[in-house]
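Beneath this line is the structure, given in structure tokens, with notes to follow.
Order of the sequence lines sets the chain letters (A, B, ...), proteins ahead of strands, with each chain counted from 1. Basis for what follows: all heavy atoms, side chains included, without hydrogens, waters or symmetry-related copies.
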Amino acid sequence: MAEAFEALYPGIQLGIGPAIDNGFYYDIDFGDKTLTETELKAVEDKMLELARQDNAYNRREVSKPDALSFFGEKGDQYKLELINDLQDGTITFYEQGQFTDLCRGPHLPKTGFIKAVKLLSIAGAYWRGDEKRKQLTRVYGITFPKQKMLEEYLVLLEEAKKRDHRKVGKELELFTFSAKVGQGLPLWLPKGAMLRERLENFLKKVQREHGYLPVITPHIGHKDLYVTSGHYAKYGKDSFQPIRTPDESEEFLLKPMNCPHHCEIYKSKPRSYKDLPLRLAEFGTVYRYEQSGELHGLTRVRGFTQDDAHLFCRADQLKDEFKKVIDIVLYIFKTLDFPQFTAQISLRDPNNKEKYIGSDENWAKAEAAIIEAAAEKELETVVVEGEAAFYGPKLDFMVRDALGRSWQLGTIQVDYNLPERFELEYIGSDDKRHRPIMIHRAPFGSMERFVAVLIEHTAGKFPLWLTPDQVAILPISEKYQEYAEKVSQLLNNYDIRSLIDDRNEKIGKKIRDNELKRIPYMLVVGEKEAENGTVAVRKQGEGDKGVMTIEEFAHFLQNLVEKELNHSK
RNA sequence: GCCGGUGUAGCUCAGUUGGCCAGAGCAGCUGAUUUGUAAUCAGCUGGUCGGGGGUUCGAAUCCCUCCACCGGCUCCA
């Protein structure tokens, strides 16, 4: 691609251009010119033309001075900078025909293997990922050895877009946004709100069983609270600005986190070692000023609800508590059929310690606790430096969306720092004061993001226990309206959520529409059913399942729900 | 926040050398039909063409600006 761009746009400067999971990209400085998508076709054609020359890729080791002089002559400042950062003796060039580039390799043997090319998108990207440096033009593309494979890939992309939670959420009337309410502030519609409530109740039950205690805290907190926690120093300037009282001119912040409030609850009375672990849980709504360009459907918003809890415990309880939280996260993922996730241990960046609060000793202890607990749970993990929170390391559970973007859902964090800053204490069995350790944890992460990812994984076909409407009752004509209502009431007695499609439409139309609404079961009721007290069952995506009595069907559904909720136990 | 793109009815989309009162399908409403497993028929309603400013005899169409959204980058307590 770089060769094609150089041929078509002489004088451009090349940055870096690696292969990625889905294709490749190249960062290019076009000078004053802006590249538009309409121009990409010509580049694709040029690339295919070059590929047909079937030139071999030749690898060549180059000394640093030679490499510098080559790109110096070419006048490519970006390559010069890259080469300057490389060790002499590790520099390799790749050549294809007339084109030479700095590249680590490896490559295809010959350009002729490339038979199909698609340049997918243009984006801006900062040189070397640094916001303060020049933004280059990044062109994303992908190639295949066969045209047919490219077409298949593009179909796959289209299919993935159909699962996009923003699209499905609108179709199923789960949530919406309003520019008037504000960017990134989701509005949950009735069906979405009820679905979310079911998820919350599910987790509340699990937490009750695990000894969590509910608390409720307000949406704002005094500025001093966040000065104490360290959030103010870290995020104060880039956050929603303080709310001021008219007379006393006190300052309050919309809460960006629940932990400071929970620390104050801990401090509301003296604690004994016998009280620990203390597990305080709250579905706490928080507000963060995210950059406008970062907002993304329900996955990145400015107001969201964390399924938060803070566990205050003694040092001897830490590992056990941590492992129990891992169990809860895994239980939830299993119940909801999330087979693919990555457990990521997020440590601090050892070269950038000033970004974090707390002593080296505390960090070392916290990081060790996470690594050990994950190992003892035999969790397969990846370790990423620089991804920790500013007050402590984390174990994050990452899941991909329909288009392969990775999102953090559940998170568990060990924190020695906030207990210190809030001067939390308990009286030990030795009658002396001790400092508890805090675990922050949110198995869903945020309700918004979790529901978003759930939508994309299920394409809106939620498990029966969660789905907004479980059953659509379809009377053949309005003569059977009364019987349909009877069926609905009976199902309601079994806590089965149903709706009646009483529109003046033919049965085929009703089936079609309710299929598209992804309602799991449809009950066709007409003369025969009304006479016999039965329903003709139809399953979404599968078709006719035969006749059952109303009670049989109710038990059948109850069983399915039961199985969904218990198959992971 | 930055780079690029998009914005026409609730939804999906027509409408580009600037020119009669801006169109279609679906949804909605009204009526007819009373229906047996993926779209019954007819009529009607609905749009400050994202907002504001400008160029022009004339702007959905050209220019400026703001807003929102989309793809990335940066950020993510």
Indicate, with a heavy-atom threshold strictly under 4.0 Å, whether [X] touches base, sugar-phosphate, or nothing.
{"X": "G543(A)", "answer": "nothing"}
{"X": "E171(A)", "answer": "nothing"}
{"X": "R138(A)", "answer": "sugar-phosphate"}
{"X": "T137(A)", "answer": "nothing"}
{"X": "A125(A)", "answer": "sugar-phosphate"}
{"X": "G508(A)", "answer": "sugar-phosphate"}
{"X": "E529(A)", "answer": "base"}
{"X": "Y391(A)", "answer": "sugar-phosphate"}
{"X": "Y140(A)", "answer": "sugar-phosphate"}
{"X": "I507(A)", "answer": "sugar-phosphate"}
{"X": "S292(A)", "answer": "base"}
{"X": "Q183(A)", "answer": "sugar-phosphate"}
{"X": "K234(A)", "answer": "nothing"}
{"X": "H440(A)", "answer": "nothing"}

Taking donor-acceptor contacts at under 3.5 Å, does the side chain of [X] reach the base of [N]?
{"X": "Q135(A)", "N": "C2(B)", "result": "yes"}
{"X": "R166(A)", "N": "C70(B)", "result": "no"}
{"X": "E515(A)", "N": "A38(B)", "result": "yes"}
{"X": "Y480(A)", "N": "G36(B)", "result": "no"}
{"X": "E37(A)", "N": "G71(B)", "result": "no"}
{"X": "R300(A)", "N": "C75(B)", "result": "yes"}

According to the Watson-Crick and G-U wobble definitions, with both distances under 3.5 Å, which nucleotide is paired to [N]?
{"N": "C73(B)", "answer": "G1(B)"}
{"N": "U34(B)", "answer": "none"}
{"N": "C29(B)", "answer": "G43(B)"}
{"N": "C49(B)", "answer": "none"}
{"N": "U6(B)", "answer": "A68(B)"}
{"N": "G19(B)", "answer": "C57(B)"}
{"N": "A24(B)", "answer": "U12(B)"}

Y235(A) aromatic ring stacked with six-membered ring of A77(B), 5.5 Å and 30°: yes

Looking at [X] and [Y], would you say the former's side chain and the latter's main chain have a donor-acceptor pair under 3.5 Å?
{"X": "N352(A)", "Y": "K355(A)", "result": "no"}
{"X": "T458(A)", "Y": "G460(A)", "result": "yes"}
{"X": "K510(A)", "Y": "R503(A)", "result": "yes"}
{"X": "S488(A)", "Y": "A484(A)", "result": "no"}
{"X": "R288(A)", "Y": "P256(A)", "result": "yes"}

Within 6.0 angstrom of K118(A) NZ, more than 12 heavy atoms from elsewhere: no

Residue met sooner reading RNA chain B from 5', once R128(A) and A388(A) are mapped to nucleotides: R128(A)

Of M257(A) and A179(A), the one whose closest RNA chain B nucleotide lies more 5': A179(A)

Aromatic plane relationship, F444(A) with F450(A) - under 30° parallel, 30 to 60° tilted, over 60° perpendicular: tilted

Pairwise P distance for U12(B) and C70(B), with rounding to whole Å: 13 Å

